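Everything quoted here is computed from the prediction, not taken from an experiment.
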Amino acid sequence: MKTFHPLLLHRDLFCDADPLFDFIVRFYRLVVLTKAEVECSKFVVWEEVLRMDLLLSDYDQLILYGHRALELYPEQPILYLFTALGELQLKNYTETERLLNIGVKLVANNNDLLAQYYMYLGDTYHALDRPAESDNAYEKSLQIKDNNAYVLNNYSYYLAIRGINLDKAEQMSKQALNIEPDNSSFQDTYGWVLFKLGQYEKALEWIGKSMGDKENISGEVLEHYGDTLFKLGRAEEAVEYWKQASEKGGGSELLQKKLSGKKWID
């Protein structure tokens with residue numbers, strides 16, 4: 001959905017904003033990028049630099065170093081994936097698709113990596129408004145690893161947005177929640193699937209649960225809550241949440257029309 005799901009990394013070894021962590025990243029960059037070192041640098045060093053750039057959400061550097069690494073190691077699928085993730089986060093979707101489709105063909109004897117490739121292809125095709133290809137990529141990912149909570153969540157949310165295969169969407173969303181019951185994004189997804197199924201009381205309960213972290217509520221979730229309130233006949237409250245969503249940013253293209261008309265728009 002709405003959830004970025006990076007590769008499983010090791011930032012838990014460090015505290016947030018830990019200066020030691022930042023120093024290690026910069027040290028690795030220096031080792032890799034010093035001209036005298038490039039020819040003898042090991043692949044694993046490049047891989048770790050990209051991994052750390054991803055951890056730091058330094059997507060410009062991730063792309064820069066990723067493309068440099070690919071010049072040296074064009075047969076390494078993990079490098080294509082890291083570089084594609086940088087492009088994806090910066091919304092360079094066409095380049096993301098290109099890199100993923102090259103890298104996925106290089107994966108051999110690594111089902112976990114292959115499943116991640118198809119996961120990100122699903123996200124990318126969704127961003128490119130190619131839903132059939134997005135669904136196909138998610139299906140391939142789940143065929144390899146059927147308990148990937150992020151695939152289950154994103155796939156179910158995008159089905160709900162389109163209003164299709166809602167029973168399947170509910171099943172997948174519920175499965176994702178069983179894996180990560182405290183994930184607020186997953187809670188909102190499940191609530192939105194229930195909304196689409198017309199189960200508004202239950203939808204309000206689950207979307208409300210996702211709003212537990214007051215400081216990090218997105219405009220999207222606030223809008224969902226307002227939509228559900230409207231469907232339950234609580235129009236004045238709905239408008240208040242739509243206003244909050246507008247102030248927060250990140251709502252749908254229809255949000256301003258809802259506010260001006262003070263009614264829900266499908």
message: My understanding is that only residues two or more places apart in sequence, or in another chain, count here; which of them pass side chain to side chain contact (heavy atoms under 4.5 Å, CB included) with Ile164?
response: Leu159, Arg162

task: Could you tell me which residues satisfy salt bridge (Lys or Arg N to Asp or Glu O under 4.0 Å) with Glu180, sequence neighbours excluded, listed by chain and number?
output: none

field: Partner residues of Lys202 under the salt bridge (Lys or Arg N to Asp or Glu O under 4.0 Å) criterion, sequence neighbours left out
entry: none

message: Under the rule for side chain to side chain contact (heavy atoms under 4.5 Å, CB included), what residues qualify as partners of Glu205, not counting sequence neighbours?
response: Lys209

query: Sub-3.5 Å donor-acceptor pair from the side chain of Tyr118 to the main-chain atoms of Leu142, do we have one?
result: no

field: Partner set under salt bridge (Lys or Arg N to Asp or Glu O under 4.0 Å) for Lys262, not counting sequence neighbours
entry: none

- prompt: Would you say Lys174 has more than 12 foreign heavy atoms packed within less than 6.0 Å of its NZ?
  reply: no

- prompt: Between Leu128 and Val104, is there a shared hydrophobic cluster once you connect ILVMFWY residues whose side-chain heavy atoms come closer than 4.5 Å?
  reply: yes

Beyond-backbone contact of Leu106 with Glu75, side-chain heavy atoms, under 4.5 angstrom: yes

task: Can you tell me which residue pairs pass the side chain to side chain donor-acceptor pair (under 3.5 Å) test with a partner in residues 99-115, sequence neighbours excluded?
output: Asn101-Tyr125

Pairs under 3.5 angstrom only: tabulate donor-acceptor contacts from the side chains of residues 229-238 to other protein residues two or more places apart or in another chain.
| from | atom 1 | to | atom 2 | distance (Å) |
| --- | --- | --- | --- | --- |
| Arg234 | NE | Glu237 | OE2 | 2.8 |
| Arg234 | NH2 | Glu237 | OE1 | 2.9 |

query: Would a hydrophobic clustering, with Ile, Leu, Val, Met, Phe, Trp and Tyr connected at side-chain separations under 4.5 Å, put Trp264 with Leu254?
result: no

task: Rounded to the nearest 0.5 Å, what's the gap from CD on Gln116 to CG on Asn148? Could you check?
output: 7.0 Å

message: If you count every heavy atom of other residues, nucleotides or ligands that lies below 6.0 Å from Glu139 atom CD, does the total exceed 12?
response: yes

- prompt: Mind checking whether Tyr150 and Phe186 have side chains closer than 4.5 Å, heavy atoms only?
  reply: yes

- prompt: Short question: side chain of Tyr138, backbone of Asp123 - any donor-acceptor pair under 3.5 Å?
  reply: yes

field: salt_bridge(Glu223, Lys243) N-O dist < 4.0 Å
entry: no

- prompt: Can you pull the ring-ring contact (aromatic ring centres under 6.0 Å, His included) pairs that have at least one residue in residues 88-114, sequence neighbours excluded?
  reply: none

Pro181 backbone acceptor or donor facing Gln187 side chain under 3.5 Å: yes

- prompt: Nearest 0.5 Å, what's the CG-OG1 distance between Leu85 and Thr96?
  reply: 8.5 Å

- prompt: Mind checking what makes side chain to side chain donor-acceptor pair (under 3.5 Å) contact with Gln175, not counting sequence neighbours?
  reply: none

field: side chain to side chain contact (heavy atoms under 4.5 Å, CB included) partners for Lys196, two or more places apart
entry: Ala160, Leu166, Trp192, Asp266

task: Could you tell me whether the side chain of Leu100 reaches within less than 4.5 Å of the side chain of Tyr80, counting heavy atoms only?
output: no

Student check: side-chain heavy atoms of Asp227 and Lys258 closer than 4.5 Å: yes

Non-hydrogen side-chain atoms of Leu79 and Phe43 separated by less than 4.5 Å: yes

statement: Residues at least two apart in sequence or cross-chain that pass salt bridge (Lys or Arg N to Asp or Glu O under 4.0 Å) with Glu170, listed by chain then number, are none

query: Do Asp188 and Trp206 have side-chain heavy atoms sitting under 4.5 Å apart?
result: no

message: Enumerate the salt bridge (Lys or Arg N to Asp or Glu O under 4.0 Å) contacts for residues 85-95, please, sequence neighbours excluded, ordered by first and then second residue.
response: Glu95-Arg98

Student check: side-chain heavy atoms of Val49 and Trp46 closer than 4.5 Å: no

message: Treating Tyr59 as the side-chain partner and Leu88 as the backbone partner, does any N or O pair qualify as donor plus acceptor under 3.5 Å?
response: no

- prompt: Are any of the side-chain heavy atoms of Val107 and Leu81 separated by less than 4.5 Å?
  reply: no

query: Between Ser260 and Gln256, is there a donor-acceptor pair closer than 3.5 Å when you use the side chain of the first and the backbone of the second?
result: yes

message: Using modelled atom types and a 3.5 Å cut-off, is there a donor and acceptor pairing between side-chain atoms of Ser173 and backbone atoms of Ala169?
response: no

